[in-house]
Amino acid sequence: MWRLKFGKESVGDSGAWLRSLNNHVGRQVWEFCSESVTPEELSKVEMARQSFQDHRFHKKHSSDLLMRIQFAKEKQFVTNLPQVKLKEFEDVKEEAIVTTLRRALNFYSTIQADDGHWPGDYGGPMFLLPGLVITLYVTGALNAVLSKEHQYEICRYLYNHQNRDGGWGLHIEGPSTMFGTVLNYVTLRLLGGGAEDGQGAVEKAREWILEHGSATAITSWGKMWLSVLGAYEWSGNNPLPPEVWLCPYFLPVHPGRMWCHCRMVYLPMSYLYGKRFVGPITPTILSLRKELYSVPYHEVDWNKARNTCAKEDLYYPHPLVQDILWTSLHYLYEPMFTHWPCKSLREKALHTVMQHIHYEDENTRYICIGPVNKVMNMLCCWLEDPHSESFKLHIPRILDYLWIAEDGMKMQGYNGSQLWDTSFAVQAIIATGLADEYGSILRKAHDFIKYSQVLEDCPGDLNFWYRHISKGAWPFSTADHGWPISDCTSEGLKAVLLLSTLPPVAVGEPLDVMRLYDAVNVILSLQNVDGGFATYELTRSYQWLELINPAETFGDIVIDYPYVECTSAAIQALASFKKLYPEHRKEEIENCIGRAVEFIEKMQAADGSWYGSWGICFTYAGWFGIKGLSAAGRTYINSSNIRKACDFLLSKELATGGWGESYLSCQNKVYTILEGNRPHLINTSWAMLALIEAGQAERDPTPLRCAARILINSQMEDGDFPQETGISENLQTVIFEVPYIMIFTRELNVQCSFPRPFVCIAFTISLSQEIMGVFNKNCMISYSAYRNIFPIWALGEYHYRMLQSP
């Protein structure tokens, strides 16, 4: 039986190899416990797994039922508040809202960890587990690090997320790609799956690969992993010369000027390329050489393969200038580095690269900025010295990235979203006006946020290591991770400022004022010359650098672009701080807010929308855009930008009420409604929050009432909100899953409206809960806590702004 452990409890026997700044606050690790479990517990887990498997082609997202089953056992929660179901044309009254909110908060309190954060699934990408498995395989550590239970659950996850056509996508909801299919096929084979598994899944995957051009058509990241494994030749890769790290920083193409995620991935990639490392050629690898290609391995044209990419993967095709660059490096540059004196220059470059890898490892406590560079850095440490302390320190941090749910074990896109989710949760709870009833959960969340703040800059010369200041910042996940992020710092600051206005006896003592000043200092330091805010650092180079983006499947990865979401969060945080501390750096803050507002206004499209880069998509950015302008004093009356934004959101309201936006909006950069014109709880919540902020209640509250009714009627029996819903064949009933896979059906009738001048009409609707996070425009990621946070927040604002305002 799997058990989720937190903080100090998660350390176990790995204590000697785990480093922490705050005694592991926020760490969350799944551990298989051989202790006896009751037949009832086992039955619940198996029913959850079976249900997901049976519906895996329609329901791609886990509902985190294993975690919920564990918390239900430990906290023994039973709600005594009646479930609210509003009938057709029934008004949304305060009693219905407050009861729904109390039921939601009562449930949400049961899935809070003891250290104050809310754990959850942060999976979605399908290219992360293969890198881990390949690294452990070539280092000989696979069976030592991953138990048979881990390996079994990883296989379960891969089988559950295989598409009908036999392939795997870039993410769990995406169509099959060569990148996803080859790497996950290889992963199953390395974990012991035969070329013929008896169920047809592996055979079907191989058929997909061969029918779509074979493994020669995999993306550049896939070519690199296969080369490390020995199932692809390094000569079939475009060059990644490590010598670029020796170039002077003033060059626009210097890697220190790149987005930190980009440079931290290509840093170890350049080391592996420079070493041309190949793992042991085992019988499995020899077999893969036969299975992955449509011609004998020795007949593959590796030179042609360098620039071959399947059309299914080609989100960002190489421009001509890039093809010329790679060809020149391949034919002219690389041959020189096999001979002296160039060979000694390569050794120097490789030494420099390893210095930067070790710096990254040590300053993230071996968590690393993300899962891709985590496993590559670990491999580089092993390649440098298989018996090194660095490699040993990497191993226990693997578990920080693994998450298990009813769909199996996945590798998350970070070591969690702990600080991000908790900061939002605090704001949502306070927005309900019920904070005095839930002081205990706010106190725990407050402690977590305080413990998660970064208290020191990274050591040494930050310019030499290409790092920004971090003292006073908040990270996305945990203090041990430590990378500072503009919007995480802003949301963390907003949360502690709100908590400082509540009685300390209820929520704990406020954060020390000097630490608030440090947070403000970080935010101010991150504003770019155009007024916008990027993510981790200032924008350090030019947009044309995207011409050399070698990752065919991701967009906008080379530099750290300024974003509407980050800029809005900074405005909100500084405006909140200014209200409580009006004299601290007054002119700087006012100037910063003014320039940031200009950036947001400039980024707005002619139709009133903003493109969302971290959530889906125009709805998400619309909330941030309006919220940021409002925090700076703009209103519907005095701002044409807010008026246009409201018109845009209202134009996307569904005929059934609510909002539902597909992840295709992110890929195609055009607003795309979910298939079947279904509302989504989170999109609906974001739109509600935006419109309420812009004063929609005073103009025409009907869309807000309809949206509130949808959220209320979607709440489950225990107070939770659903992750997934199914639709019956006649579309007259909605099937909601509840904990432990108890299924029931009911009609969900709501009064809703078309945008004016149409009339109100009643519909039976079916809710949808597709994936809601995105990065680099083309890869989606799960924010499983959003299903609880944002309906609570939206209904809380509705309660305060519409039902309590004079």
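Residue indices begin at 1 and follow the sequence shown.
Between the Gln151 side chain and the Leu146 main chain, a donor and an acceptor come within less than 3.5 Å of each other. Between the side chain of Ser782 and the backbone N or O of Ser784, no donor-acceptor pair lies under 3.5 Å. Of the possible polar contacts, one joining the Asp461 side chain to the Asn463 backbone as a donor-acceptor pair under 3.5 Å is found. Side-chain N or O atoms of Glu334 include none that pairs as donor or acceptor with a backbone N or O of Pro239 at under 3.5 Å. With Gln28 contributing its side chain and Asp400 its backbone, the two residues share no donor-acceptor pair below 3.5 Å. In terms of modelled atom types and a separation under 3.5 Å, the side chain of Arg365 and the main chain of Ser20 share no donor-acceptor contact. Remark: the backbone N or O of Gly26 is paired with a side-chain donor or acceptor of Asp115 at under 3.5 angstrom. Arg19 places no side-chain N or O within donor-acceptor distance of the main-chain N or O of Trp17, the cut-off being under 3.5 Å. Formation of a donor-acceptor pair under 3.5 Å by the Ser417 side chain with backbone atoms of Trp420 is not found in this model. Within the 3.5 Å criterion, the main-chain N or O of Asn528 finds a donor-acceptor partner in the side chain of Arg595.
In this structure, Tyr414 has its ring center under 6.0 Å from that of His481. Aromatic pair Trp483/Phe476: centroids not less than 6.0 angstrom apart. Ring-centre distance between Tyr122 and Tyr783: below the 6.0 Å cut-off. Centroid-to-centroid, the aromatic rings of His24 and Phe6 stay 6.0 Å apart or farther. Checked against the 6.0 Å centroid criterion, the rings of His261 and Phe775 do not qualify as a close aromatic pair.
Counting non-hydrogen atoms of neighbouring residues, nucleotides and ligands closer than 6.0 angstrom, the OH atom of Tyr451 reaches no more than 12 such neighbours. For CD of Gln355, the number of neighbouring non-hydrogen atoms (other residues, nucleotides, ligands) closer than 6.0 Å is greater than 12. Annotation: Lys471, atom NZ; neighbour count of heavy atoms from other residues, nucleotides and ligands within 6.0 Å does not exceed 12. Heavy atoms from other residues, nucleotides or ligands lying under 6.0 Å from CG of Asp512 number more than 12.
Looking only at atom types and distance, the side chain of Arg585 has a donor-acceptor partner in the side chain of Asn521 under 3.5 Å away. A donor and an acceptor atom, one from each side chain of Asp487 and Thr535, are nowhere located under 3.5 Å apart. With no hydrogens or angles considered, a side-chain donor-acceptor pair links Asn307 and Asn238 at under 3.5 Å. Counting only N and O atoms by type, the side chains of Thr553 and Asp313 include no donor and acceptor under 3.5 Å apart.
Ring planes of His356 and Trp245: tilted class, angle from 30 to 60°. Using cut-offs of 30° and 60° for the angle between ring planes, the Tyr542 and Trp544 rings count as parallel. Between Tyr517 and His584, the ring planes lie parallel to each other; the angle is under 30°, not in the 30° to 60° tilted range.
Relative to the ring axis of Tyr249, Arg257 places its NZ or CZ within 45° and under 6.0 Å from the centre. Remark: Arg346 qualifies as a cation-pi partner of Phe337 under the 6.0 Å distance and 45° angle criteria applied to the six-membered ring. Tyr273 carries Arg276 over the face of its six-membered ring, with the cationic atom under 6.0 Å from the centre and within 45° of the normal.
Just one of Leu229, Ile285, Val278, Val133 meets the side-chain contact (heavy atoms from CB on, under 4.5 Å) condition when paired with Val138; it is Leu229. Of the options Phe624, Phe533, Trp614, a ring pair (Phe, Tyr, Trp, His ring centres under 6.0 Å) to Tyr563 is made by Trp614 and by none of the others.
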**OP:** Decide ring-ring contact (aromatic ring centres under 6.0 Å, His included) for Phe127 and His171; before the verdict, give the C-alpha distance in whole Å, the side-chain angles of both, and the deciding distance to 0.1 Å.
**Re:** CA-CA 8 Å; Phe127 58 90; His171 55 88; 9.8 Å; no

**OP:** Any chance you could lay out the side-chain contact (heavy atoms from CB on, under 4.5 Å) test for Met258 and Ile559, step after step, and finish with the verdict?
**Re:** CA-CA 5 Å; Met258 296 178 179; Ile559 65 172; 5.8 Å; no

**OP:** Take Thr539 and Asp560 through the test side-chain hydrogen bond (donor to acceptor under 3.5 Å, both in side chains) and record every step on the way to the result.
**Re:** CA-CA 5 Å; Thr539 303; Asp560 199 350; 5.8 Å; no

Original post:
Could you walk me through whether Phe554 and Tyr316 pass the ring-ring contact (aromatic ring centres under 6.0 Å, His included) check?
Top reply: CA-CA 6 Å; Phe554 303 114; Tyr316 182 80; over 10 Å; no

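Ion pairing of Lys392 with Glu389 is absent here, as no side-chain N (NZ or NE/NH1/NH2) approaches a carboxylate O to less than 4.0 Å.
With sequence neighbours left out, Tyr333 forms a side chain to side chain donor-acceptor pair (under 3.5 Å) with Glu243.
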Side-chain polar contacts of residues 377-385 - donor-acceptor pairs under 3.5 angstrom, sequence neighbours left out - could you list them?
unit_1: Asn377; atom_1: ND2; unit_2: Asp361; atom_2: OD1; d: 3.0
unit_1: Glu384; atom_1: OE1; unit_2: His358; atom_2: NE2; d: 2.9
unit_1: Asp385; atom_1: OD1; unit_2: His387; atom_2: N; d: 3.0

